[in-house]
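As the structure is a computational prediction, the values presented were derived from the model and not from experiment.
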2 protein chains.
Amino acid sequence: MKMHNPPHPGEVLRELCLQPLGLTVTEAAKALGVSRKTLSSILNCRAGISPEMAVRLSIAFGTTAESWLSQQLHYDLAKAEGKRRTLRVKKLAAA
Amino acid sequence: MKMHNPPHPGEVLRELCLQPLGLTVTEAAKALGVSRKTLSSILNCRAGISPEMAVRLSIAFGTTAESWLSQQLHYDLAKAEGKRRTLRVKKLAAA
DNA sequence: GAGAATTGTAACACGTAACGTGTCAGGGTG
DNA sequence: CACCCTGACACGTTACGTGTTACAATTCTC
């Protein structure tokens, strides 16, 4: 069940929301109530989906905020898991 | 299926991990490889579970990192949803 | 009761992240 | 050519996670 290469939510947003509707970044940013740069950063994988942004997306595109944050979670988690072996942690309970 | 009052992961951590094992904050912090303050902030709901912390918890307590981040997600989301009506967002697709 | 351990928390510093505004260069289109 | 869209950058603000240090309050132990 592990996602080895979870896509950045920005890619999904662009391909599943903006492109099908023929929306430009400028238009979408305006509708979402954020700056063009903010949306651009997300679309280009330079920023993550914040909880507030997830709610904005859920309003604009009729999806659930949870689905966006869940994608972001798996993306962030994949990176954190990559550092698992570098963390010095003692086991406190049965693994 | 909505979680109206998702508990802060810190409460869960204290009640389901530290207390059953009789661990002090100092001991647990040392085992996790973080400062006492960092763990204390989480336990007292002043800080969230970061992806790296989730991995640390998964190692120490034999749980999954995803479960911790998922709890944090729902906690953060509940707060963001509270501001849903204050966000000026235009609908771009069918709700 | 006295001393030690535990805990919460405040102050300060640092790195990172989200967000805004402004600007600029390149590409497409009227 | 002029205009719009886009990506990228600089700068500033705000917030958060983390560490260190320090202090006060509580609790445990002798």
Side-chain angles (χ1 to χ4, degrees), chain A residues 8-11 13-15 17-60 65 68-69 71-73 75-83 86-89 92, chain B residues 8-11 13-15 17-19 21-60 65 68-69 71-73 75-80 82-83 86-89 92:
Chain A
H8 190 285
E11 302 178 27
L13 178 58
R14 164 167 281 155
E15 296 170 10
C17 297
L18 299 201
Q19 288 184 352
L21 296 175
L23 291 167
T24 67
V25 177
T26 305
E27 289 170 338
K30 192 166 187 177
L32 288 168
V34 299
S35 72
R36 184 172 65 86
K37 169 180 168 44
T38 297
L39 180 57
S40 175
S41 296
I42 294 172
L43 293 175
N44 293 283
C45 311
R46 284 180 172 73
I49 305 286
S50 64
E52 181 180 310
M53 180 62 71
V55 175
R56 290 183 189 274
L57 293 174
S58 72
I59 298 174
W68 290 109
L69 289 180
Q71 289 181 54
Q72 186 65 48
L73 182 156
Y75 183 81
D76 292 339
L77 179 56
K79 279 190 301 207
E81 287 286 1
K83 293 184 292 184
T86 72
L87 303 178
R88 295 179 188 173
V89 181
L92 293 172
Chain B
H8 189 285
E11 302 179 27
L13 178 58
R14 185 189 293 269
E15 297 171 10
C17 298
L18 299 202
Q19 288 184 352
L21 296 175
L23 290 167
T24 67
V25 177
T26 305
E27 289 171 338
K30 193 166 187 176
L32 288 168
V34 300
S35 72
R36 186 173 63 86
K37 170 185 167 37
T38 297
L39 181 56
S40 175
S41 296
I42 294 172
L43 293 176
N44 293 283
C45 311
R46 283 180 172 72
I49 304 287
S50 66
E52 181 181 310
M53 180 61 71
V55 175
R56 290 182 189 273
L57 293 174
S58 71
I59 298 173
W68 290 108
L69 289 179
Q71 289 182 54
Q72 186 64 47
L73 183 156
Y75 183 81
D76 292 340
L77 179 56
K79 279 189 303 207
K83 293 184 292 185
T86 72
L87 302 178
R88 295 179 188 173
V89 181
L92 294 171

Toward the 5' end of DNA chain D, by each residue's nearest nucleotide, B:Arg36 or B:Met53: B:Met53

Nearest-nucleotide 5' precedence on DNA chain D, B:Lys37 against B:Ala47: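 So the residue in question is B:Ala47.
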
Rounded to whole Å, how long is the line connecting atom [atom1] of [X] with atom [atom2] of [N]?
X       : N      : atom1 : atom2 : value
B:Gln19 : C:dT6  : CD    : P     : 16 Å
B:Asp76 : C:dA18 : CG    : P     : 13 Å
B:Glu27 : C:dA5  : CD    : P     : 13 Å
A:Glu52 : C:dA17 : CD    : P     : 19 Å
B:Leu39 : D:dT20 : CG    : P     : 14 Å
A:Leu43 : D:dA8  : CG    : C1'   : 14 Å
A:Ile49 : C:dA18 : CD1   : C1'   : 11 Å
A:Leu57 : C:dA18 : CG    : P     : 13 Å

Base, sugar-phosphate, or nothing for [X], non-hydrogen atoms under 4.0 angstrom?
X       : answer
B:Ser50 : sugar-phosphate
B:Arg46 : sugar-phosphate
B:Thr24 : sugar-phosphate
B:Arg14 : sugar-phosphate

query: Considering only D:dT20, D:dG7, C:dT21, which nucleotide approaches the side chain of A:Ser35 most closely?
result: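 Comparing D:dT20, D:dG7, C:dT21 against the side chain of A:Ser35, the answer is C:dT21.
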
What distance do [X] atom [atom1] and [Y] atom [atom2] have between them, rounded to the nearest 0.5 Å?
X       : Y       : atom1 : atom2 : value
A:Leu13 : A:Gln19 : CG    : CD    : 10.0 Å
B:Gln72 : B:Ser50 : CD    : OG    : 9.0 Å
A:Ile49 : A:Gln71 : CD1   : CD    : 8.0 Å

task: Establish, with yes or no, whether the OP1 or OP2 oxygen of D:dT6 is under 4.0 angstrom from a side-chain nitrogen or oxygen of A:Ser40.
output: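 Answer no for this pair, as no side-chain N or O of A:Ser40 is under 4.0 Å from OP1 or OP2.
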
message: If you compare every side-chain N and O of A:Thr26 against the phosphate oxygens of D:dT6 (OP1, OP2), does one of them come in below 4.0 Å?
response: yes

task: Any chance you could lay out the side-chain contact (heavy atoms from CB on, under 4.5 Å) test for A:Leu73 and A:Leu69, step after step, and finish with the verdict?
output: CA-CA 6 Å; A:Leu73 182 156; A:Leu69 289 180; over 6 Å; no

query: Can you check whether A:Arg14 reaches A:Glu11 side chain to side chain, under 4.5 Å on heavy atoms?
result: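 No; the side chains remain at least 4.5 Å from each other.
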
